[in-house]
Amino acid sequence: MSMHRQVEEAVRSLRARIAGTPEVAVILGSGLGGFAGRLRDPVAIPSAEIPFYPHSTVEGHKGELVFGILRGRRVLAVRGRVHFYETNDLNTILFPVRVLAALGVPQLLITNAAGGINRMFVPGDLMVITDQINMTGIPIPPDVSVTTRRIPYYDPELSALIISTAASLGLRLVTGVYAGVKGPSYETAGEVEMLHRLGGDAVGMSTVVETALAHALGLKVAGISCITNRATGTSPAKLDHAEVTAVANRVKEHFSMLLSELIARMP
Ligand code: HPA
């Protein structure tokens, strides 16, 4: 069956279970899935029940779509991202974005956990993604035409709204360029230094091709990285596990606050 038909089938099954087109979709990164718990009247749809929809094998990536209401808006939370390194198949990782576009979702918040390259960043920071560098070696999808590539992938107005929302909540927020790598192993110190010299502020293993496609398919995209650690070689401190857990919990709380208030303010 053609991918187009597969996407249609997935959309048909989703439409049967959700009331109305979501006004915004949120792709939740590693450890950030808890945000879905904020949705009112939630309808949780396991990925396994959506025809042709991929499911993740990574621990902590519960595969489900949760539709619900948040501050009066219809929201679709996407939990359990499949990473390229799990399947080495571009169509698999892009399927969720194709489904969102075919559903008619106009706006996408794409989130991830990332290592901080910028020396000013501290674990626990939230970073608005202003631009990206695709170092994955994954070819961008053919849908991304020459013309759409000249328009910023990350919507400047939506990004500005994230910044003003964080300011009004008193949350520390940084901005920067996300360098996407394929993984799954973490970078060497040399690779992090290379990404730094190329202009990367944070490094992670997702997002870049999903954003390229979502943008090409006409969605308004904004991105937020949770800086969970300093990237290899950028800090002499040895991370201990208790600290990482404490950071993650604090980020989760701030992240959910920011997203809720942002969604309330979105056009
Ligand atoms: N590198 C790549 N991906 C990551 C990191 C990192 O340091 N932290 C969280 N995701």
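For ligands, and for the atoms within them, numbers begin at 1 and follow the listed sequence.
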Revision key, fill the gap. When rounded to the nearest 0.5 Å, the distance separating CZ of R265 from OG1 of T165 is 4.5 Å

Check your understanding: Relative to each other, are the rings of Y153 and H215 parallel, tilted or perpendicular (30° and 60° limits)?
Key -> tilted

Check your understanding: Between CZ of R81 and CD of E86, what distance do you get to the nearest 0.5 Å?
Key -> 11.0 Å

Review point. Within the distance-only criterion (no hydrogens, no angle test), does the side chain of R230 pair as donor or acceptor with the backbone N or O of F121 below 3.5 angstrom?
Key: yes

Practice item. Can you spot which of L70, I263, V66 makes a side chain to side chain contact (heavy atoms under 4.5 Å, CB included) with R38? Key: L70

Practice item. List, ordered by chain and residue number, the protein residues whose closest non-hydrogen atom lies under 4.0 Å from any atom of ligand 1. Key: A113, A114, G115, Y186, E187, V203, G204, M205, T228, N229

Exercise for review: Consider only side-chain N and O atoms of Y154 and Q132, and report whether a donor and an acceptor are under 3.5 Å apart.
Suggested key: yes

